[in-house]
Amino acid sequence: MDKFSFFSNILSFVSTFFENILKIATLLIPWYQENKRDLPWRATRNPYYIWLSEILLQQTRVAQGLPYYLKFVEHFPTIKKLADAREEDILNLWQGLGYYSRARNLHHTAQVIAYQYNGRFPSNYQDIRALKGIGDYTAAAIASFAFGLPHAVIDGNVNRVISRLFGIEKPINKPDGQAEIKIALEQIFDPSRPDIWNQAIMEFGALQCTPRNPNCTDCPLNTNCLAWSSKKVNIIPTKEGKTKVTQVYHSYLVMRLGSKTYIQKRETGIWKNLYQFPLIEKQMSDSEVINHFTEEFGIRKTIHLHSIREIEHILTHRKIFAKFYTISLNTGSEILKNNIFEIELDDLGKVFPTSVLTLKYLKQQK
DNA sequence: AAAACGGGGCG
DNA sequence: CGCCCAGTTTT
């Protein structure tokens, strides 16, 4: 390669690079300013509020997360108040939103920032990324929105917009596909205004370049979109692999003593630190369940079995077959056992953050 | 029933 | 890195 073609290659690479940025950014950002939703976390640069909103919105639609954001800001206006809160109060506010480990990580990280960082949110990408509950997406979001740092976010919206613009057909949920997305994204990311750019591409994915029935005929980017020009909009992006759904069996014992009942705090796994009726996580016959519980709690075997109700609950990778065995206890037969609490039935879901399956049972009782 | 949602942790 | 985890709503 002679000197001339070397420099002309560099020149054409550099000019193409800036053309792409100018082309996409100058189309995308005006679109955003015209069409953006008015969301409270977009009106602040306070890293606490931005972090809070990003955690609440992980795998969650804006419409669903918004009311929770307002509740959290009201109850915990500063990061120190969140750090000093009881985990149970945080879980109670979180109730119904799902992915409860987000709430536990939120609390933990609030304490780290309040007491290890002296209340000052870390302001560089590496330190932000190292916090519990913060992965690549959330670190880039906080770094750009709160601190104006040039880190591009990749969420479900960005994956969809980029794969369509560049005609990427490799599965976006595989390393190969993600690598192509990143390379493509670097070509159009505008590091001079990362906050607006990140907001713009996500909003564009959420409102214009939607999963189904995207508004392509009236799209400001359609002349730059390979999926559109090759009529592949409805097959891009692609995904591979299905999560296997395993069946699990739960047997709950609902002990009624007037308006009181007995609950336990779940200690591991899904719904950790949420409350539930005493549980056996194993497939058993009705008589085996009754035998097990009567032995564990020292109840007479002649107890009155009030009812057995079955509830199916479907999670992403689990199908739970739950049976609730409701019995009536006589006064004087209090259960004294570690981890078992006697409470007012009405306090479930209010005073005690309660697992969804337990709440589902109570709701069906009414 | 399946897809989608402003993903993350762990070995 | 590859693999596993995981809740609710919408289609």
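Letters A, B, ... are given to chains in the order of the sequence lines, protein chains preceding strands, and every chain is numbered from 1.
Side-chain contact check for I280(A) versus E288(A): every heavy-atom pair is 4.5 Å or farther apart. The side-chain heavy atoms of M284(A) and V289(A), taken from C-beta on, include a pair separated by under 4.5 Å. Between Y32(A) and F204(A) the shortest side-chain heavy-atom distance does not fall below 4.5 Å.
For the OP1/OP2 pair of dA6(C) and a distance below 4.0 Å, the side-chain nitrogens and oxygens of H317(A) include at least one atom meeting the criterion.
At the heavy-atom level, I134(A) lies under 4.0 Å from the strands shown only through sugar-phosphate atoms. Residue-level contact check: N198(A) touches neither bases nor backbone, having no heavy atom under 4.0 Å from any strand. If you check every strand for non-hydrogen atoms under 4.0 Å, V356(A) touches sugar and phosphate atoms only. Across all strands, E203(A) comes closer than 4.0 Å to no nucleic acid atom at all (heavy-atom distances).
Scanning residues 39-69 of chain A for heavy-atom distances under 4.0 Å to DNA chain C yields Q59(A), R61(A), Q64(A). A heavy atom lying under 4.0 Å from DNA chain B marks none of the residues of residues 89-117 of chain A.
Classified by interplanar angle (parallel below 30°, tilted 30° to 60°, perpendicular above 60°), the ring pair Y48(A)/W51(A) is tilted. Aromatic ring pairs are classed by plane angle as parallel below 30°, tilted from 30° to 60° and perpendicular above 60°; the pair Y249(A) and F321(A) is parallel. A perpendicular orientation is assigned to the rings of W41(A) and Y69(A), their planes being inclined by more than 60° (bins at 30° and 60°). The aromatic rings of F72(A) and F76(A) sit tilted relative to each other, their planes meeting at an angle between 30° and 60°.
In terms of polar N and O atoms assigned as donor or acceptor, the side chain of T138(A) never comes within less than 3.5 Å of the base of dG7(B) in a complementary pairing. At a cut-off of 3.5 angstrom, the base of dG7(B) holds no donor-acceptor pair with the side chain of Y137(A).
Where R37(A) and K132(A) each meet DNA chain B at their nearest nucleotide, the meeting point lying more 5' is that of R37(A). Position along DNA chain B of the nearest nucleotide to T210(A) versus L131(A) favours T210(A) as the more 5'-ward residue.
To the nearest angstrom, P of dA3(B) lies 17 Å from CD1 of I236(A).
Distance alone, capped at 3.5 Å, places no donor-acceptor pair between the Q276(A) side chain and the I263(A) backbone. At least one donor-acceptor pair under 3.5 Å links the side chain of N198(A) to the backbone N or O of H151(A).
In the set dT8(C), dT11(C), dC5(B), dC5(B) carries the atom at the smallest distance from any side-chain atom of R160(A).
Distance check on atom P: dC5(C) versus dG6(B) gives 25 Å, rounded to whole Å.
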